[in-house]
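The analysis underlying the following values was restricted to heavy atoms, covering all of them including side chains, and did not include hydrogens, waters or symmetry mates. First the proteins, then the strands, lettered A, B, ... as listed; each starts at 1.
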2 protein chains.
Amino acid sequence: MQDLFTSFSLQVNNRVYIKNPESSALGRKIVESSINLIDEVGFEAFTFRKLGLEIHSNEASIYRYFESKYKLLLYLTSWYWSWMEYRIAFGLANIPAPEERLEKAIKLLTENIELDGSFEHINEYKLNKIVIAESSKSYMTKEVDQNNKEGFFAGYKQLVGRVSDIILEINPTYKYPHMLISTLIEGAHHQRFFAQHLPRLTDAVNGEDAIIEFSKEATFKAIGAKWPSK
Amino acid sequence: MQDLFTSFSLQVNNRVYIKNPESSALGRKIVESSINLIDEVGFEAFTFRKLGLEIHSNEASIYRYFESKYKLLLYLTSWYWSWMEYRIAFGLANIPAPEERLEKAIKLLTENIELDGSFEHINEYKLNKIVIAESSKSYMTKEVDQNNKEGFFAGYKQLVGRVSDIILEINPTYKYPHMLISTLIEGAHHQRFFAQHLPRLTDAVNGEDAIIEFSKEATFKAIGAKWPSK
DNA sequence: GCAAATATAATAGTAATACTATCATAAATG
DNA sequence: CATTTATGATAGTATTACTATTATATTTGC
């Protein structure tokens, strides 16, 4: 899988950038360092000026790739969801039983992400932390409808749709597959944040990943099915 | 209930403000107009300068009540959770069956909020919209641990704890009551936002409030109980 | 191998933001 | 009625989120 990915780049809506950052060394450096910097200082304190200093380049040069730091955040989150969909597509290939596919999808969606090194300039571990802590800032804005019209959330919606389809395979009468999956994804992200910063909002259980277990259990019970590994 | 509230003010951690806005006409005006203005322009575009113009007062005067717009947001969200806990305390009083109490609590936590006029200077309808769209910006910050230490999220944690206790009354062996409730609250908020702006992430069902139904169903199934109104 | 196109760097500039400081005036209180 | 306290008016600072201009590399097409 490593080799499959190395000469492979994920698709991101081309309206989130002015110039494709994948197309040049500087562009990749911008993406790579923005992940480090946002992870380090948080999105509010992150500026193109600081990023320019960090990569020994120029603020104005960064603006030739991204219109604003919000667009850069949209780029990062879109990339993430596109990556997640590939992980799921590969992970579920050749699993015939929809219950098993669903269980695997839930695991992939809710597990802790580790650095996997498939993409040289993207640190998936840090990107996951950014998506958890900052991604709501990319859609909880006054521009959400405009951005939605331009297709900036297409990847996320497609991912939710795909996993919902598995639910409908298992239980075609379940009424809320999209709600369930989007709640699950956002919920697991929130729980990872809470576990670190507001533990009273979670329930840590030793010796297991409580967030994955909770997610699986809640999902399968909601649709009235048994999950394979139980 | 209206009369119970009129001479009644909700408790907010006194470290989120410099001077208690409940203590003066200007303070109440600041709170009232900040709700209108944040609802109108969004939290990013909201500034104390604009708020000063709006209320024909002075930027510097507002800074005498709140250290920053983030603290003001913390004030608003703390007030909201404190209000929600009162709604639940009143709403569940005299209901002996824990299943019924849980069902009522879920309804109160996830329903659409309407203006109820119990507090002259607070528009609960708009405040609910603000909490849905902006509250994550009050804790998804680099200062979260510091803020947590100072007790800024105590109201929210207490609310989650209280509802979790009802779950444990119904099913003392359920392992994830806090996760379930915090996921439920955040999830329902997200769903209300998605329903308006990103409907492909939800499932609208005619003639019912799908978000409340989904929340009840998922919660009771997760803990292995039947909900009374079913 | 060189001209022309293109990308990047360096610098400067602007309006707005998120404050702080100072001083004057108005309102409340003892 | 004097004094404390709250508010208003104004100004000032560092930073942000850009845009514009010009100079210098780097790439490419012939």
Side-chain angles (χ1 to χ4, degrees), chain A residues 14-34 37-38 40-76 121 134 137-138 140-143 146-147, chain B residues 14-34 37-38 40-76 121 134 137-138 140-143 146-147:
Chain A
N14 64 13
R15 282 146 122 178
V16 305
Y17 49 74
I18 296 167
K19 182 180 171 179
N20 190 344
E22 298 276 353
S23 71
S24 74
L26 179 62
R28 287 186 296 271
K29 191 95 192 117
I30 288 170
V31 170
E32 179 180 9
S33 293
S34 72
L37 194 51
I38 294 173
E40 193 183 319
V41 303
F43 186 67
E44 343 294 326
F46 168 78
T47 70
F48 280 1
R49 191 155 152 57
K50 287 176 193 163
L51 179 58
L53 288 170
E54 186 92 1
I55 62 179
H56 305 292
S57 174
N58 202 271
E59 200 184 355
S61 302
I62 300 168
Y63 276 103
R64 280 191 211 96
Y65 285 84
F66 295 102
E67 200 179 297
S68 68
K69 68 175 186 171
Y70 285 90
K71 288 284 167 70
L72 172 53
L73 182 60
L74 276 167
Y75 178 85
L76 295 177
H121 63 298
E134 319 288 1
K137 294 164 193 166
S138 76
M140 293 269 179
T141 67
K142 285 283 157 186
E143 296 76 37
Q146 178 60 30
N147 288 345
Chain B
N14 64 12
R15 283 146 122 179
V16 306
Y17 48 74
I18 296 167
K19 181 180 172 180
N20 190 345
E22 299 276 353
S23 72
S24 75
L26 178 63
R28 288 185 297 271
K29 191 96 192 116
I30 287 170
V31 169
E32 180 179 10
S33 293
S34 72
L37 194 51
I38 294 173
E40 194 182 319
V41 304
F43 186 67
E44 344 293 327
F46 168 79
T47 70
F48 281 0
R49 192 156 152 57
K50 288 177 193 164
L51 180 57
L53 289 169
E54 186 92 3
I55 63 178
H56 305 290
S57 174
N58 201 271
E59 200 185 354
S61 302
I62 300 168
Y63 275 103
R64 284 192 203 97
Y65 285 84
F66 294 102
E67 199 179 296
S68 68
K69 69 174 186 171
Y70 285 92
K71 288 284 166 71
L72 172 52
L73 182 61
L74 275 168
Y75 178 86
L76 295 177
H121 63 298
E134 320 287 2
K137 294 164 194 165
S138 76
M140 292 270 178
T141 66
K142 284 284 157 184
E143 296 77 38
Q146 178 59 31
N147 289 344

So does A/Ser24 get a side-chain nitrogen or oxygen closer than 4.0 Å to the phosphate oxygens (OP1/OP2) of D/dT26?
-> no
Gap between atoms NZ and P, on A/Lys71 and D/dC18 respectively (whole Å) | 10 Å
Return the set of residues passing side-chain contact (heavy atoms from CB on, under 4.5 Å) with A/Lys71 (not counting sequence neighbours), or none when no residue passes.
-> A/Glu67, A/Ser68, A/Leu74, A/Phe152
Identify whether any heavy atom of A/Thr47 sits under 4.0 Å from a base atom; if not, whether one sits that close to sugar-phosphate; answer base, sugar-phosphate or nothing.
-> sugar-phosphate
Geometric cation-pi criterion, A/Lys69 with A/Phe46: 6.0 Å, 45° | no
Have a look at B/Lys50 and say if it touches a base, only the backbone sugar-phosphate, or nothing, with a 4.0 Å heavy-atom cut-off.
-> sugar-phosphate
Hey, which of these two, A/Glu59 or A/Tyr65, hits DNA chain C nearer its 5' end, going by closest nucleotide?
-> A/Tyr65
Can you tell which of A/Leu73, A/Ile30, A/Leu51, A/Ile18 makes a side chain to side chain contact (heavy atoms under 4.5 Å, CB included) with A/Phe66?
-> A/Ile30
Check the distance between D/dT16's P and A/Phe48's CZ and give it to me in whole angstrom.
-> 13 Å
Ignoring backbone atoms, establish whether A/Ser68 has a side-chain N or O less than 4.0 Å from OP1 or OP2 of D/dA17.
-> no
Looking at B/Val31 and B/Tyr75, what are the two nearest heavy atoms and their distance?
-> CG2-CE2, 3.8 Å
Atom CZ of A/Phe46 to atom P of D/dT16: distance rounded to whole Å?
-> 12 Å
Atom CG of A/Asn20 and atom C1' of C/dA7 are separated, to the nearest Å, by 15 Å
How close or far is atom C1' of D/dA17 from atom CG of A/Leu73, stated in whole angstroms?
-> 16 Å
Between the main-chain N or O of B/Met140 and the side-chain N or O of A/Lys137, is there a donor-acceptor pair closer than 3.5 Å?
-> yes
C/dA9 phosphate, OP1 or OP2, under 4.0 Å from A/Ser57 side-chain N/O = yes
Could you check how far CG of B/Leu26 sits from P of C/dA26, rounded to whole Å?
-> 17 Å
From CD of B/Glu44 across to C1' of D/dA17 the rounded distance in Å is 14 Å
Exam field: side chain A/Arg28 to backbone A/Glu22, donor-acceptor pair closer than 3.5 Å | yes
Rounding to the nearest 10°, end axes of the helix from C/dG1-D/dC30 to C/dG30-D/dC1 built from five pairs each make an angle of 20°
Let me know the distance between CZ of A/Arg49 and C1' of D/dT19, rounded to the nearest Å.
-> 15 Å
Close side-chain approach of A/Leu72 and A/Phe48, heavy atoms under 4.5 Å = yes
Counting only side-chain N and O atoms of A/Tyr63, is one of them less than 4.0 Å from OP1 or OP2 of C/dT8?
-> no
So does B/Lys19 get a side-chain nitrogen or oxygen closer than 4.0 Å to the phosphate oxygens (OP1/OP2) of D/dT7?
-> yes
